[in-house]
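This report concerns only the one structure given below.
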Amino acid sequence: MQVQNAPRSGSIRRRVAQAVAAGLSVVAVQAHAELPAAATTAFTSLKGDAEALIVAAWPVVAAITVGFVLISLFKRAAGKV
């Protein structure tokens, strides 16, 4: 025989976890809003440096990819001989 109106186990824990998560997100937004200007400048500089490194890495990645394709084509051609 089943009890129809019994609360599910863990429902209170789930509600408490949701409340804690909502509270932490509010705290995180407030903490983000209070960043000093020096930190903002540092993150902007870091972002620019990372973008420069990514731009510099693309030719190397392309050269390595072309090299692997050429090696595989050479192996295929050598295998048929």
Side-chain angles (χ1 to χ4, degrees):
M1 193 166 136
Q2 293 179 344
V3 179
Q4 292 184 355
N5 292 332
R8 289 185 285 172
S9 64
S11 63
I12 293 174
R13 287 183 183 166
R14 189 176 319 124
R15 288 180 188 162
V16 170
Q18 288 174 347
V20 168
L24 289 176
S25 67
V26 169
V27 170
V29 168
Q30 289 175 352
H32 180 67
E34 297 175 6
L35 280 177
T40 305
T41 304
F43 281 120
T44 304
S45 174
L46 182 66
K47 181 181 174 186
D49 291 342
E51 288 175 354
L53 287 174
I54 290 170
V55 168
W58 273 113
V60 175
V61 171
I64 291 172
T65 303
V66 168
F68 279 128
V69 168
L70 290 175
I71 288 171
S72 68
L73 288 175
F74 178 77
K75 283 184 178 181
R76 244 186 232 174
K80 290 183 178 181
V81 174

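Note that the numbering runs from 1 along the sequence shown for the chain.
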From [atom1] ([X]) to [atom2] ([Y]), nearest 0.5 Å:
X   : Y   : atom1 : atom2 : value
D49 : T44 : CG    : OG1   : 11.0 Å
L46 : E51 : CG    : CD    : 10.0 Å
I64 : F68 : CD1   : CZ    : 7.0 Å

Might you point out which heavy atoms bring P59 and V55 nearest each other, and give the distance in Å?
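Minimum heavy-atom separation between P59 and V55: CD-O, 3.4 Å.
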Could you see if V61 belongs to whatever hydrophobic cluster contains I54? Use Ile, Leu, Val, Met, Phe, Trp, Tyr and a side-chain cutoff under 4.5 Å.
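Yes, V61 connects to I54 through the hydrophobic network.
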